[in-house]
Amino acid sequence: MEPDLRRIESLIHQLLVELGEDPAREGLAKTPERVAKAFAFLTDGYRADLGTVINQAVFTQDTSSMVIVKDIELYSLCEHHMLPFFGRCHIAYIPDGKVFGVSKLARIVDMFSRRLQLQERLTEQISQVVMEEIGAKGVGVMIEARHLCMMMRGVEKQNSTMVTSAVLGVFRDNLATREEFLTLVGRR
Ligand SMILES: [Zn+2]
């Protein structure tokens, strides 16, 4: 369901009043409209269709070597504060006859990032989709991200990075595979 932009605008208008602002002043006059559009974009992952995102870009390839895509940019919103967290996602998998077109992994990351998220859940959702869509033998996903809710408020740990990982299939069962993954993403 598409978000009701007019309704979001009136909520943001009300929020500005509650924060002690004057929504009529020049700089804020169009803010509710801009915020509504921004939130619609930042949450469009709820409305994305996985089939459309992947768009048949799954190819047959007879390889069982590890495929790894590093440093996929990631921007999301933490569900506890609705503040951004951002960083990099690394995805590795061992195919079983099928591989993804390169840009599709980035699209999958966007689809799950553009929601209210927990970094742990985001990491797991990406790993599960990669595993299921190409029937991989195993998948490893690692996300390194900084959370503005930590950096700007609360504990104000400005340089801390949160690292989460999820491993499935042979990445979970085979120590050597997991070690290879960690080495390739530079965590060993
Ligand atoms: Zn938070």
Side-chain angles (χ1 to χ4, degrees), residues 1-23 27-28 30-50 53 68-92 104-132 139-168 171-172 178 181-182 185-188:
M1 197 179 80
E2 288 301 313
D4 184 339
L5 294 178
R6 293 273 169 265
R7 176 117 179 88
I8 298 173
E9 282 174 33
S10 81
L11 289 167
I12 298 300
H13 184 277
Q14 187 63 29
L15 179 63
L16 289 170
V17 172
E18 293 298 331
L19 294 174
E21 266 292 357
D22 170 14
L28 293 178
K30 293 208 157 196
T31 295
E33 184 185 334
R34 284 189 289 259
V35 173
K37 280 185 186 154
F39 270 99
F41 176 80
L42 296 174
T43 60
D44 72 6
Y46 287 124
R47 298 171 290 279
D49 172 64
L50 185 61
V53 167
I68 182 156
V69 179
K70 284 176 66 170
D71 295 323
I72 300 169
E73 277 184 62
L74 173 148
Y75 299 92
S76 190
L77 292 171
C78 96
E79 69 181 16
H80 295 146
H81 304 93
M82 295 176 72
L83 287 171
F85 66 95
F86 59 97
R88 299 174 301 164
C89 178
H90 316 295
I91 302 176
K104 297 304 167 187
L105 292 174
R107 294 265 175 85
I108 290 169
V109 169
D110 285 344
M111 173 178 170
F112 288 101
S113 298
R114 288 186 192 147
R115 303 173 185 206
L116 302 185
Q117 274 289 11
L118 289 174
Q119 187 176 327
E120 296 89 337
R121 186 172 64 225
L122 176 59
T123 312
E124 281 172 17
Q125 285 174 332
I126 294 167
S127 68
Q128 281 161 8
V129 163
V130 174
M131 190 79 178
E132 286 162 17
V139 176
V141 174
M142 179 180 289
I143 293 177
E144 303 173 85
R146 303 176 75 192
H147 291 243
L148 287 187
C149 61
M150 281 178 71
M151 296 165 73
M152 294 177 72
R153 55 165 289 286
V155 288
E156 295 186 41
K157 293 275 183 247
Q158 272 144 21
N159 292 306
S160 58
T161 300
M162 184 169 174
V163 180
T164 49
S165 66
V167 287
L168 296 173
F171 283 69
R172 180 184 291 172
R178 195 159 64 238
F181 167 57
L182 292 171
V185 299
R187 299 298 299 193
R188 277 290 144 86

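Only a predicted model underlies this, so the values are computations on that prediction, with no experimental measurement involved. Whatever order the structure lists them in is the order used to number ligands and atoms, beginning at 1.
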Stepwise salt bridge (charged side-chain N to carboxylate O under 4.0 Å, His left out) check, Arg121 with Glu79: CA-CA 11 Å; Arg121 186 172 64 225; Glu79 69 181 16; 2.7 Å; yes
Backbone or side-chain N/O/S of Cys149 under 2.8 Å of the Zn ion (ligand 1): yes
Atom of Glu21, atom of Leu28 and distance for their closest heavy-atom approach: OE1-CD1, 3.3 Å
His81: its N/O/S atom lying closest to the Zn ion (ligand 1) (atom name): ND1
Arg6 bridged to Glu9 by N-O distance under 4.0 Å: yes
Any N, O or S atom of Cys78 closer than 2.8 Å to the Zn ion (ligand 1): yes
For Phe39 against Leu77, the heavy-atom pair lying closest together: CE2-CD1, 3.9 Å
